[in-house]
Amino acid sequence: MFDDPRTKARTFLESSSIVSELEDVLNLLIDEKPDDLHGFLANHFLHQSKQPQIASLILKRLTGPAGEPAVHIDLTVALRNRSQRYNGLTVNLSSGKLNAQTMKDYETFVNSPSLATIFNRVDLFDHTTIDELLANFRSEHVHEVPKVPKVTAPLEPESSTSEIIAEVSTLKLPATKQKPVVSPAVVVKTGGAPPPSQKRTTKEIQPVEVIPDEPEPSSFAGQLLITGISLACRLITAEIQQSNLYRLIQLPSVTNPAIPLPIIPILQSGPTYPGKQSIVKYYMLIPTPDVVHNEEWIFKLHSIIQNLRDSLTTAKGAILQAGYSTDDGCLVYSMDKPEQGLDILQNAVNTVCGTKEHWFDYGIQMGPYEAYDYTNGVYETMAGVTKSPDELADTYTEWINAYPRCIMIIDPFRHADKPALSRLCHRVSNRCYVTSTDTRRYQYNDDNDTTNCHLINLDNAPTVTELIQRVNTLRETHDYALGLFERDHHEVAQVHLADLAVGFGCRFLKLPGLLSLGGQTTSVILQRLSIIRDELQMDDSEQSARPKQHEFIHIRSTLDIPDLEMPPTSTNTKNKDKKKRP
């Protein structure tokens, strides 16, 4: 009796509500009378199936365009009673940035059996669980950098440059301008900018704390796969849901998504390039909020670059540089002083765009660690010209005053020179974004008042969930302008940086130059931004995709600094106030 097929069928159907649901959808079908009957039924049941589950993670080793190792990430997803392989993304690594240790880490990650099975039957739409699994895996494989013990050495101040003389047998500082393992710095209180030190009349011997201050360590090779896998899961989710990545990750605080302003380096300079200037690393162009909504600014940008390339062929001292570009996609001019790069950019912009229309603002990024003299504790701005951190803050202020369209300065000082950075913000942050690519600037409470713009990157292999948490924390704490960038030669997000920047509500998107392999990525990202802009204007409103005018949050020092020439402000102004650029 119990083997009767009809009895089995009845028992099976009665175990669920499928019969009543079919009756309901058939009645709805009769009422609606759609032209496509099968399409109507498919749409009705499409979102009622079980959530897709990750069956397997597939990592395929490849070789990038410059011979660097690369990994392509795919997922096999079980959905609606069948498994399908979905295309993820490719993580590229520059061979020039890898050494024996990073290659070992890279091989460990790619060949790890636990990574291949980490998502066995995990819900693809449960991104919190996915990123928790990735974060746990990352923590198990992170190699801790050994900490350098703090030592003290005598300080004999001779001048306002605070020359440091360290005589420690276990610590050898180079006599030339190079990056040592550690560097000396005078112990100061954070949170304020004291006036420049004055020359002392008597010699005093004081202890000085020698603290490690190297450039922020970036992620090792294998770690970047963590970010890539997390992002690939989001991309495949958006594909299955027939959505876009920027819509999927859009934060609740981003009520009116807008296109970020691209930051594009044009000129590159520094100690290893021709010329005497050594402090500025990149001279950059930033389209204004009024022009970024159309494509004409991109054509003008290419015309500016061509104008600069043409001028290189006739420039005095230019040796076979016509068409020459750096690995970062920038042109190289021989510059004797830092301001010369701004003059070159300004002349090219005026030639192409004229002087009546405002198409581009300027930005400069420094190379503080490359220009720092670790023996004397000063920065070399030009060959034979050195400045203390406080003196350099004054110099930056003079540049911002002389070039009103220079609205951003990146990495003006080393991480250890917080007082000088606070001094600089005190003077220029009411009309300029002062920011840093060093994520340590916003990881500690004592750095909260040293920048008025945060640049978020993919260092330390954050998952997308961790990126979202970082953005939310920054917005809740200060609501400073946000920017997004990907460290040089760490190609993980690539074109998807555009979606991340829009979804996170970033004000800026820092990109590589246009004259290298990285320039291809920049062009694709700009194209993606154009597509997103059109979608936003179609879905929301014509004005939704346009960024607002610049608003600068003025960071005031917590200490009284009598020698600073402050711009006139209201007597009721608080420590932090917003100023909209005219």
Next item on the list: Mind running side chain to side chain contact (heavy atoms under 4.5 Å, CB included) on Ile456 and Leu474 for me, showing each step along the way?
Entry: CA-CA 10 Å; Ile456 304 170; Leu474 293 174; 4.0 Å; yes

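- Atom CD1 of residue Ile249 and atom CG of residue Leu231 lie 8.0 Å apart, to the nearest 0.5 angstrom.
- With a 4.5 Å cut-off on side-chain heavy atoms, Val280 and Trp399 count as touching.
- Nearest heavy-atom pair across Met382 and Ser278 is N-OG, 3.8 Å.
- In summary, Arg414 and Asp438 do not engage in a salt bridge, as defined by a charged side-chain N under 4.0 Å from a carboxylate O.
- Relative orientation of the Tyr433 and Phe552 rings is tilted, given thresholds of 30° and 60° on the angle between their planes.
- Taking the side-chain hydrogen bond (donor to acceptor under 3.5 Å, both in side chains) definition, one finds that Ser269 meets it with Gln277, sequence neighbours left out.
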Check: Is there a side chain to side chain contact (heavy atoms under 4.5 Å, CB included) between Glu380 and Thr386 once you walk through the steps?
Finding: CA-CA 4 Å; Glu380 186 177 53; Thr386 59; 4.3 Å; yes

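- Under the 4.5 Å side-chain criterion, counting only non-hydrogen atoms from C-beta, Met284 is not in contact with Phe360.
- Within the 3.5 Å criterion, the main-chain N or O of Pro512 finds a donor-acceptor partner in the side chain of Thr522.
- The backbone N or O of Asn136 lies less than 3.5 Å from a partner atom in the side chain of Ser139, making a donor-acceptor pair.
- Applying the side-chain hydrogen bond (donor to acceptor under 3.5 Å, both in side chains) test to residues at least two apart or on different chains, the pairs with a partner in residues 495-504 are Asp499-Arg528.
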Margin query: Using the rule given for ring-ring contact (aromatic ring centres under 6.0 Å, His included), can you reason through Tyr374 versus Tyr372, listing the C-alpha separation, both sets of side-chain angles and the distance that settles it, and then say yes or no?
Written below: CA-CA 6 Å; Tyr374 285 87; Tyr372 192 71; 4.9 Å; yes

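- In this structure a side-chain-to-backbone donor-acceptor pair under 3.5 Å is present from Thr435 to Cys453.
- Side-chain contact check for Pro262 versus Pro287: some heavy-atom pair is nearer than 4.5 Å.
- In this structure the side chain of Val428 never reaches within 4.5 angstrom of the side chain of Tyr396, judged on heavy atoms.
- Going from atom CG of Leu261 over to atom CG of Asp361 covers 8.5 Å, rounded to the nearest 0.5 Å.
- Under a 3.5 Å cut-off, the side chain of Arg507 and the backbone N or O of Lys548 do form a donor-acceptor pair.
- Between Leu134 atom CG and Thr463 atom OG1 the span is 7.0 Å, to the nearest 0.5 Å.
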Item checked: From CA spacing to verdict: side chain to side chain contact (heavy atoms under 4.5 Å, CB included), Leu225, Phe137 -> CA-CA 11 Å; Leu225 284 177; Phe137 181 86; over 6 Å; no

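- Here the closest non-hydrogen pair linking Ala420 and Ala393 is O-CB, 3.8 Å.
- A side-chain hydrogen bond (donor to acceptor under 3.5 Å, both in side chains) with Tyr282 holds for exactly one of Asp411, Thr326, Asp328; it is Asp328.
- At least one side-chain heavy atom of Ile409 sits less than 4.5 Å from a side-chain heavy atom of Met366.
- Annotation for Leu484 and Ala501: closest pair CD2-N, 3.8 Å, computed over non-hydrogen atoms.
- Distance alone, capped at 3.5 Å, places no donor-acceptor pair between the Ser422 side chain and the Lys418 backbone.
- Atom CD1 in Ile226 sits 7.0 Å away from atom CZ in Arg138 (nearest 0.5 Å).
- The CD1 atom of Ile407 sits 4.5 Å away from the CD1 atom of Ile286 when rounded to the nearest 0.5 Å.
- With a 4.5 Å cut-off on side-chain heavy atoms, Pro265 and Gln365 do not count as touching.
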Next item on the list: Please test Ile555 against Thr451 for side chain to side chain contact (heavy atoms under 4.5 Å, CB included), starting from the C-alpha separation and ending with a verdict.
Entry: CA-CA 7 Å; Ile555 305 297; Thr451 60; over 6 Å; no

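- The two residues Arg427 and Asn430 come nearest to each other via the heavy atoms O-OD1, 3.8 Å.
- For the atom pair NE2 of His454 and OG1 of Thr473, the computed distance is 10.5 Å after rounding to the nearest 0.5 Å.
- Tyr379 pairs in a side-chain hydrogen bond (donor to acceptor under 3.5 Å, both in side chains) with only one of the listed residues (Asp373, Thr395, Asp417), which is Asp417.
- Nearest approach of Cys432 to Cys406, heavy atoms of both residues: SG-O, 4.1 Å.
- Without hydrogens or angle criteria, Tyr403 side chain to Asp343 main chain gives no donor-acceptor distance under 3.5 Å.
- Smallest separation of non-hydrogen atoms from Leu392 and Lys387: N-CB, 4.1 Å.
- Side-chain contact check for Ser230 versus Thr465: every heavy-atom pair is 4.5 Å or farther apart.
- With hydrogens and angles disregarded, a donor-acceptor distance shorter than 3.5 Å links the side chain of Asn452 to the backbone of Ile553.
- Side-chain contact check for Leu301 versus Leu514: some heavy-atom pair is nearer than 4.5 Å.
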